[in-house]
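A note on names: the letters A, B, ... follow the listed sequences, proteins ahead of strands, and every chain is numbered from 1. As the structure is a prediction and not an experimental result, all values here were calculated from the model.
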2 protein chains.
Amino acid sequence: MADQIESELLRGSMDLMVLSVLAQSPKYGYLLQKALSDNSQQQIKLSAGTMYPLLHRLEEAGLVSSRWDESTRRRRKWYELTAKGRKKLIKQAELWQQYANCINRLLTEIKLVIPTPATQG
Amino acid sequence: MADQIESELLRGSMDLMVLSVLAQSPKYGYLLQKALSDNSQQQIKLSAGTMYPLLHRLEEAGLVSSRWDESTRRRRKWYELTAKGRKKLIKQAELWQQYANCINRLLTEIKLVIPTPATQG
DNA sequence: ACCAATATATCGATTGCCGATACATAAGTC
DNA sequence: GACTTATGTATCGGCAATCGATATATTGGT
């Protein structure tokens with residue numbers, strides 16, 4: 001089916017996607033990769049080289065917190081949203097809606113896109 | 001009203017926006033800035049430092065062609081889409097739709113997870 | 001004479017993305 | 001036993017996009 005989405009378009013919204021997947025439930029990195037892939041019909045692949053630095057940045061910014069789990073056979077670092085992270089997510093989601101509406105309006109004007117009812121905020 | 005959209009989210013789709021605005025009609029840089037701003041309810045600002053290199057890249061890639069107009073009092077460099085540029089735009093627009101749908105699906109799902117905080121024990 | 005708007009352009013700093021690489025354990029196969 | 005694949009976290013270097021600052025020049029208004 002649909003190919004993986006070009007990285008060009010992804011730039012800048014990886015944070016939003018990671019935050020939204022973590023909002024569903026806490027996850028460790030490897031699980032996050034799978035979840036994002038599954039949730040996007042395998043269209044969005046988050047490489048390890050992108051993901052781990054990203055998670056570290058999110059933690060640095062206080063948007064997620066992490067905790068090592070050594071009780072399992074494989075050591076895993078679990079991440080979960082902080083209260084700050086949830087607020088940020090909500091804000092970023094609203095921003096995204098605005099942004100997407102802008103682009104859709106542009107594309108609609110040149111008739112490349114069939115107008116869809118505006119997504120609710 | 002709505003603020004200008006954060007550059008974070010914009011990264012990677014400036015090409016698409018510029019191509020779509022140029023698809024409406026040929027424009028020179030300064031006019032393109034105004035058009036993009038107007039078409040987005042002043043939400044998207046394309047700085048000169050971003051735009052000119054971007055236009056040069058698009059030309060380099062054969063997606064737009066340029067022509068100096070010296071007949072007016074101010075010299076202007078007009079840009080218009082090439083056939084290749086139109087094809088690229090159509091392809092990018094489709095890709096955008098896919099991408100936007102992915103994100104929207106993610107954001108829709110978390111709304112089930114983040115309802116009102118009232119019911120939380 | 002002065003200042004804002006128009007018009008194009010480059011440069012450097014910053015940052016995000018990603019392939020390559022490294023390391024380690026676990027599970028399955030020949 | 002040897003080999004491969006999957007799981008799991010992490011860093012590094014290269015590449016490319018964004019943008020503020022800066023430069024240059026003309027036009028129009030007060």
Side-chain angles (χ1 to χ4, degrees), chain A residues 3-19 22 26-38 40 43-61 63-79 92 95 99, chain B residues 4-19 22 26-38 40 43-61 63-64 66-79 92 95 99:
Chain A
D3 283 337
Q4 187 177 342
I5 291 175
E6 269 182 35
S7 68
E8 293 283 323
L9 278 175
L10 298 179
R11 287 189 79 100
S13 36
M14 279 296 191
D15 285 22
L16 174 62
M17 287 190 277
V18 166
L19 289 177
L22 285 181
K27 289 174 179 65
Y28 56 93
Y30 193 79
L31 185 57
L32 174 65
Q33 277 185 312
K34 303 294 179 193
L36 190 51
S37 179
D38 289 349
S40 67
Q43 281 178 99
I44 293 171
K45 302 288 188 188
L46 181 54
S47 74
T50 298
M51 180 183 61
Y52 290 111
L54 196 162
L55 284 171
H56 300 336
R57 285 198 305 274
L58 292 179
E59 187 170 22
E60 181 75 17
L63 305 177
V64 303
S65 62
S66 72
R67 177 180 55 83
W68 280 103
D69 181 8
E70 314 272 6
S71 72
T72 50
R73 288 185 291 292
R74 296 175 191 277
R75 59 201 282 276
R76 294 162 175 166
K77 199 170 178 182
W78 288 80
Y79 289 91
Q92 284 296 104
L95 224 53
Y99 174 51
Chain B
Q4 188 178 340
I5 292 174
E6 269 182 32
S7 68
E8 292 284 322
L9 278 175
L10 298 179
R11 286 188 79 100
S13 35
M14 277 298 190
D15 286 22
L16 174 62
M17 285 189 279
V18 166
L19 289 177
L22 285 181
K27 289 174 180 65
Y28 56 93
Y30 193 79
L31 185 58
L32 174 64
Q33 277 186 312
K34 304 293 180 192
L36 189 51
S37 178
D38 289 349
S40 68
Q43 282 178 100
I44 294 171
K45 302 288 186 186
L46 180 54
S47 73
T50 299
M51 180 182 62
Y52 290 111
L54 196 163
L55 284 170
H56 300 336
R57 285 198 305 274
L58 292 178
E59 187 170 21
E60 180 75 16
L63 304 178
V64 303
S66 71
R67 176 178 56 83
W68 280 102
D69 181 8
E70 314 272 7
S71 72
T72 50
R73 288 184 289 293
R74 295 176 191 278
R75 58 202 283 274
R76 293 161 175 166
K77 199 170 178 182
W78 289 80
Y79 289 90
Q92 285 296 104
L95 224 54
Y99 174 51

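- C:dA7 atom C1' lies 16 Å from atom CZ of B:Arg67, rounded to whole Å.
- Contact annotation: B:Lys34 reaches the phosphate of C:dT6 (side-chain N/O to OP1 or OP2, under 4.0 Å).
- The two residues B:Lys27 and B:Leu32 make their nearest non-hydrogen contact at CD-CA, 4.1 Å.
- When every heavy atom of B:Glu59 is checked against every heavy atom of B:Ser66, the shortest pair comes out as OE2-OG, 2.6 Å.
- One interatomic measurement links the two molecules: CZ of B:Arg75 to P of C:dA5, which rounds to 22 Å at whole-angstrom precision.
- Put simply, CG on A:Leu54 is 15 Å from P on C:dG19, counting in whole angstrom units.
- Rounded to a whole Å, the CD atom of B:Glu60 is 12 Å from the P atom of C:dT10.
- For A:Glu70, the CD atom sits in a packed shell: over 12 heavy atoms of surrounding residues, nucleotides or ligands are nearer than 6.0 Å.
- Contacts of B:Met51 with the nucleic acid, taken as non-hydrogen atoms under 4.0 Å apart, are absent.
- Contact between the side-chain N/O atoms of A:Tyr30 and the OP1/OP2 oxygens of D:dT9 is not found at any separation under 4.0 Å.
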Write down the protein N/O and nucleotide N/O pairs, taken from nucleotides 28-30 of chain D, whose separation is under 3.5 Å; answer none if there are no such pairs.
residue	atom	partner	partner atom	Å
D:dG28	OP1	B:Arg73	NE	3.2

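- Counting any heavy atom pair closer than 4.0 Å across all strands shown, A:Lys45 reaches no nucleic acid atom.
- A donor-acceptor pair under 3.5 Å is absent between the side-chain atoms of A:Gln92 and the main chain of A:Leu16, judged by distance alone.
- Atoms NZ (A:Lys27) and P (D:dT9) sit 13 Å apart, rounded to a whole Å.
- Scanning all heavy atoms of the two residues, the minimum distance from A:Ala48 to A:Gln33 falls at N-NE2, 3.4 Å.
- Put simply, the side chain of A:Met51 does not reach to within 4.5 Å of the side chain of A:Val18, judged on heavy atoms.
- Atom CG of A:Leu46 is separated from atom P of C:dG19 by 11 Å (rounded to the nearest Å).
- Of all nucleotides listed (C:dA7, D:dT7, D:dG20), D:dG20 comes nearest to the side chain of B:Ser47.
- We find that CD of B:Glu70 is positioned 15 Å from P of D:dA25, with the value rounded to whole Å.
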Q: Give the B/S/- string for nucleotides 10-15 of chain D, one per nucleotide from 5' to 3', where a protein heavy atom under 4.0 Å of the base yields B, of only the sugar-phosphate yields S, and otherwise -.
A: BB----
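- Rounded to an integer number of Å, the gap from B:Arg76 CZ to C:dA5 C1' is 12 Å.
- Using a 4.0 Å cut-off, some side-chain N or O of A:Arg57 falls inside it from OP1 or OP2 of C:dC17.
- Counting only residues at least two apart or in different chains, side-chain hydrogen bond (donor to acceptor under 3.5 Å, both in side chains) contacts with residues 45-54 of chain B comprise B:Ser37-B:Lys45, B:Ser47-B:Thr50.
- Cation-pi geometry between A:Arg76 and A:Trp68 is not met at under 6.0 angstrom from the ring centre and within 45 degrees of the axis.
- Contact record, A:Tyr79 with A:Leu55: CE1-CD1, 3.6 Å, taken as the closest heavy-atom pair.
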